Visitor: 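Have a look at this one.
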Amino acid sequence: MKVIVKKKRPGGEIEIPISTEYIKLDAALKLCGAAPTGGAAKYEIQEGGVLVNGLVCTMRGKKLYPGDSLVFLDQRYRICRNEAE
């Protein structure tokens, strides 16, 4: 699966395009490069370091759909559909 992630929107938001119905939170952090490994993503999520749609989320398997947003280390990301497919 080929994915291009670093598409910044106005306001510094980074889009995470997906070609599936949803993506799990830990996979989204890995996909966008915010977490180097799945273990690092799991740790940050369990420690409450990630906001999903404005709320702290400690569920690493949380399903994110297009339109959902997440904030990690003061960087905002938004899930969107991969328009290339």
Side-chain angles (χ1 to χ4, degrees):
M1 174 168 67
K2 186 177 181 182
V3 178
I4 299 171
V5 175
K6 299 294 180 183
K7 183 176 179 185
K8 282 202 174 190
R9 296 179 59 181
E13 187 175 75
I14 297 175
E15 290 184 337
I16 303 172
I18 61 172
S19 57
T20 56
E21 180 183 356
Y22 64 86
I23 187 169
K24 291 185 179 179
L25 178 56
D26 58 348
L29 287 176
K30 283 178 32 183
L31 178 64
C32 70
T37 65
K42 176 183 173 181
Y43 176 79
E44 294 296 341
I45 294 165
Q46 289 179 335
E47 291 297 309
V50 181
L51 298 178
V52 174
N53 297 326
L55 302 171
V56 173
C57 182
T58 58
M59 300 181 302
R60 68 180 182 153
K62 170 81 173 160
K63 293 178 182 176
L64 303 175
Y65 295 89
D68 286 340
S69 65
L70 62 109
V71 177
F72 177 65
L73 296 178
D74 295 326
Q75 177 61 57
R76 178 177 290 281
Y77 301 89
R78 179 165 303 279
I79 308 299
C80 65
R81 287 257 176 249
N82 186 355
E83 302 297 331
E85 294 185 20

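All values derive from a computational prediction rather than experimental measurement.
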Visitor: From R81 CZ over to E21 CD, what is the distance, rounded to the nearest 0.5 angstrom?
Guide: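 Reported value, rounded in 0.5 Å steps: 7.5 Å.
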Visitor: Shortest non-hydrogen contact from Y77 to A34?
Guide: OH-CB, 3.7 Å
Visitor: For Y22, what are the other residues in its hydrophobic cluster, where any two members join if their side-chain heavy atoms are less than 4.5 angstrom apart?
Guide: Y65
Visitor: Is the side chain of R78 donor-acceptor paired with the backbone N or O of I16 at a distance under 3.5 Å, no angle test?
Guide: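 Absent.
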Visitor: Considering all heavy atoms of both residues, which atom of G61 and which atom of K24 are nearest to each other, and what is their separation?
Guide: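 Closest pair (atom of G61, atom of K24, distance): O-CG, 3.8 Å.
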Visitor: Other than Y43, which residues form its hydrophobic cluster under the rule that side-chain heavy atoms must be closer than 4.5 Å?
Guide: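 Listed partners: none, Y43 stands alone.
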Visitor: Check residues 46-55 and write down every donor-acceptor pair under 3.5 Å in which the side-chain atom is one partner and the other belongs to a residue at least two apart or another chain.
Guide:
| unit_1 | atom_1 | unit_2 | atom_2 | d |
| --- | --- | --- | --- | --- |
| N53 | OD1 | S69 | N | 2.9 |
| N53 | ND2 | D68 | OD1 | 3.1 |

Visitor: Are V71 and I45 co-members of a hydrophobic cluster defined by side-chain heavy atoms under 4.5 Å apart?
Guide: no
Visitor: Distance from T37 atom OG1 to L29 atom CG, nearest 0.5 Å?
Guide: 10.5 Å
Visitor: Hey, are the side chains of C57 and L25 touching, using non-hydrogen atoms and a 4.5 Å cut-off?
Guide: yes
Visitor: Let me confirm one number: the CG-CD1 distance from L64 to I18, rounded to the nearest 0.5 Å.
Guide: 8.0 Å
Visitor: With sequence neighbours left out, what residues match T58 under side chain to side chain donor-acceptor pair (under 3.5 Å)?
Guide: none
